[in-house]
Amino acid sequence: MDRNRILELAADMTLEEKAMQMTQLSPDMLYHLSPSNLTGPLREWKFDDKQLWETGSVLGPSGAAYLRKLQEDYLKTSRQKIPLLFMSDVIHGYVTIMPIPLAQGCTFDPGLCEEAAAVVAAESAAAGLHVTFSPMADLVRDPRWGRVMESCGEDPCLNGRMAAAMVRGYQGENPGDKGRIAACVKHFAAYGQPEGGREYNTVDMSRGVLRDFYLPAYREAIRAGAALVMTSFNTVERIPATCSKLLLRRILRQEWGFEGVVISDYAAVEELMNHSVAADALEAGEKCIHAGMDIEMMSGVYAGTLKALLEQGRITEEEIDECVIRILELKNRLGLFENPWKDADEQEEKELLYCQKHLDTARRAARESMVLLKNQGALPLGEAGKVGLAGPFACTGNLLGGWHCEGRPENTRSLGEALQEKLGDRLVTAMTEPFAWGGERDVPDGAEEAALGLKDCEICIVAAGEPEWETGEASSKTNLRLSRNQEKLIHALHAAGKRVVLVLFSGRPLEIGPVLEDCDAVLQAWFPGSAGADAVADILCGSYNPSGHLSMSFPRSVGQIPVYYNYYNTGRPAEAKADSYVTGYRDCPNSPLFPFGYGLSYTDFVCEGLKISWAGDLLKASVRVRNTGKRSGGTVVQLYIRDVSASVVRPVKELRDFRKVFLEPDEEMQVEFSITEDMLSFYDEQEKWGWEPGEFDIMTGLDSEQVETRRIFVPAGAGREA
Ligand code: BGC
């Protein structure tokens, strides 16, 4: 449909129709299925049936048959026959579940994440969905916050590459193409830094911090073509993001040129009243309209106030039309006017959902996302002897992680099953009671019995961690240690002389210092998804050599949080003097337990010989990486840069590029990075983007701590590429 037709459609709409086009409700409401949806935030809005069936989009429905029927019912009553948009939270899988995004960040492999997202899109599209509320590009530094699992971690560069890869995977060339869906990047902006890690709490940061760390990943998602943006619940500079002109008008639309649809988060428009920036619904609606906020999710402010606001001259018809036209254009881009069902197809659902090909992708993604944190010769498992398996994640399919959509834990292979296949009767289990859903916060104590039951095993795998429901939205925690009985199990096995291999399932970096000494090996498995158990078994048994590197630092203790690698320089750096009057703690080092970018392998890599060269206008860094061990394997070569002196304080180092490489034993590779102007640039005090001549430290290494450094001088006017 051409743009003129869209404009005609918009011009033909009544104000009431426009307000509902700008409102997103749940399908249950349309069918009066769930009375609970008519209470809660929606109780006062009293939508009548006519309004309900004029809503422009719905939240969270799925299934080809259901969505075909819903669209059909809708179009029967719709005056203008404008199809409904179906949007849902397909965060890391529809039925085939990929590892959680924090784990995907650890792959340092955007190509693989793009492939995973394409699988997610194919399944979602067949099930009739049009839009996914993903990627979540919120930068995260505070593992107390439950939603770190939905992010790709603490670094803007990694986060941005992954967000862009996911957008490409979902949308392909065009979200309207078969098997593709539109991506909605969220939560704009800075949702990832709630004070104290407490969910929905205040976010407050300087403009410089916002620019340096928090904005870049959303921008990369938009550069990759994300069709929608979701606003965040929090405030930025004391204004809720949902009505922030700074964020929505100036940064998103003016600076970044975003022309797509902006949607609020769940009931966030109405919540402007709780934020105390709107005295009533009228003021909430007015503020959001002025900010250019197109779709209100799950509250009825637009529906209830647009008419009055217009009559009172507080908003203009042009402002409303601007939003409506953007929504119609999205529907057009998805091809819905020609084919309102898009790819919804029951037959395809049967063929695609959870098919072997998709499970294979999930297994590859899970394997690459796991991080070997410690290994004192315990892994891979040897060829002989009994192997013990204990812990609440030993015999459960609850490995999918939060937001697992239509994924079914009961159909998911457990670690016990996957290991049984590889080890047969060498495997012995004990104390495998899983966490009870919504029950006690710990599993029953069975440590002594376990040590007894596993007495013939020289080596014991402890599959421990935090239950899925303690991660994700509304799941902040102040205690990040393993539960008491899990720690007890580890200590008991160690005390019984076993070699302990800890496999950690979690949605955040946990505080594992208290058990680390007693473990001979630690594998961080995260929530690895549908094929996660097989992936863990592949790694434990040595058929896959772990290659994941941390997307987020592991704290030594909760008291250190936030602990992250790219902190700003201070006047009293810890390295400067050997006295107490430097930045630090009396009772704990500043460094994390395991730093960003860290990850071990079953082989050894050496990364050295960093050289910096100018090739004409191009500045290049080149470093040699060699597999000096006995197995083939993968690692991540990382490039960091530090601006030695600038007009504003800069971070001690910033990841600017990385390369995942796979090498055979004794194989060597020269990894070359181009250092572009953007890599030397930052927003200065006047918020101007650019680089300043002077010295820079160029660093390469296999994690963010152990780096080789060369200092270079980049003079003014040093050519096109710095
Ligand atoms: C979450 C969003 C999500 C939305 C719709 C909200 O509570 O913050 O991430 O997309 O619900 O389910």
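Bear in mind the structure is a predicted one, so any value in this text is a computation, not a measurement. Positions are given from 1, in the same order as the sequence printed here. One-based numbering, in listed order, for ligands and for the atoms of each.
For CD of E195, the number of neighbouring non-hydrogen atoms (other residues, nucleotides, ligands) closer than 6.0 Å is greater than 12.
Checked against a 6.0 Å centroid threshold, the rings of F188 and W256 count as neighbours.
Cation-pi contact between R141 and F213: present, with separation from the ring centre below 6.0 Å and deviation from the ring axis of at most 45°.
A salt bridge is absent between R68 and E72: the closest approach of a Lys/Arg side-chain nitrogen to an acidic carboxylate oxygen does not fall below 4.0 angstrom. The residues E348 and K178 are annotated as salt-bridged, a charged nitrogen and a carboxylate oxygen being separated by less than 4.0 angstrom.
For ligand 1, residues of the protein lying within 4.0 angstrom by heavy-atom distance are L59, D89, F133, R147, K186, H187, M230, F233, D265, Y266, M297, E473.
Residue pairs meeting the ring pair (Phe, Tyr, Trp, His ring centres under 6.0 Å) criterion with at least one partner in residues 139-161, sequence neighbours excluded, are W145-Y191.
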